[in-house]
Amino acid sequence: MRQRTEQQQIMLGYGSMDLGVPTLRAAVSAHDCIAGCCFSAADVYVGSQIGWGCPIGVLAADGGFARSLDRVTTRGAAVRAREKNDVLAGEIAATRNG
């Protein structure tokens, strides 16, 4: 991959993976919640990005990322949402296989 100029890195919004990943890891490792004090939509968003990046190898599923993902995916609301999704997916599959 070719090196981007500083101006091009600014346009990316995070600079580069080499800059962005350690910054994200530090942010999710510093507090239980990305905003610091309480769980918010920011945690859902960041958690979904980590949840996408770790399985495909874009992000290393190491301590900080693994703990952050665990906090997001084990919350009661997340568990209930997955349960509802599983029920609906089963209903859809049943109607297709009919």
Side-chain angles (χ1 to χ4, degrees):
M1 180 194 258
R2 71 180 175 89
Q3 290 288 15
R4 291 181 174 88
T5 66
E6 186 174 339
Q7 183 63 31
Q8 289 170 319
Q9 287 184 9
I10 291 169
M11 290 186 295
L12 287 173
Y14 60 85
S16 68
M17 291 295 282
D18 292 338
L19 295 172
V21 171
T23 302
L24 179 59
R25 182 179 288 112
V28 300
S29 297
H31 305 283
D32 284 347
C33 299
I34 196 73
C37 65
C38 54
F39 190 84
S40 69
D43 295 285
V44 174
Y45 177 78
V46 169
S48 70
Q49 297 304 308
I50 293 170
W52 172 84
C54 289
I56 65 169
V58 173
L59 300 173
D62 61 7
F65 288 149
R67 282 189 301 278
S68 176
L69 189 55
D70 184 61
R71 284 191 300 265
V72 172
T73 59
T74 60
R75 291 182 57 82
V79 171
R80 290 188 302 276
R82 278 192 307 279
E83 289 169 350
K84 287 181 180 182
N85 189 58
D86 291 344
V87 168
L88 291 173
E91 291 173 2
I92 291 169
T95 61
R96 289 185 179 163
N97 297 330

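Here, residue 1 is the first one in the sequence, and each next residue gets the next number.
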In the hydrophobic cluster built from side-chain contacts under 4.5 Å, what are the other members alongside L88? none
Just grab all the salt bridge (charged side-chain N to carboxylate O under 4.0 Å, His left out) pairs involving residues 49-61, residues at least two apart or on different chains. none
What's the spacing between L24 CG and M17 CE if we round to 0.5 Å? 9.0 Å
Indicate yes or no: at least one non-hydrogen side-chain atom of F39 is less than 4.5 angstrom from one of D32. no
In the hydrophobic clustering that connects Ile, Leu, Val, Met, Phe, Trp and Tyr at side-chain heavy-atom distances below 4.5 Å, which members other than V87 occupy its cluster, ordered by chain and number? none
Which pairs, with at least one residue in residues 70-84 and sequence neighbours excluded, count as a side chain to side chain donor-acceptor pair (under 3.5 Å)? none
Does anything in residues 20-29 form a side chain to side chain donor-acceptor pair (under 3.5 Å)? List the pairs, not counting sequence neighbours. R25-D62
Please tabulate, for side-chain N and O atoms in residues 45-58, each donor-acceptor pair with protein atoms closer than 3.5 Å (sequence neighbours left out).
residue : atom : partner : partner atom : Å
S48     : OG   : V44     : O            : 3.4
S48     : OG   : Y45     : O            : 2.7

Test of understanding: clusters of I, L, V, M, F, W, Y form through side-chain heavy atoms closer than 4.5 Å, transitively. Do V28 and L59 belong to the same one? yes
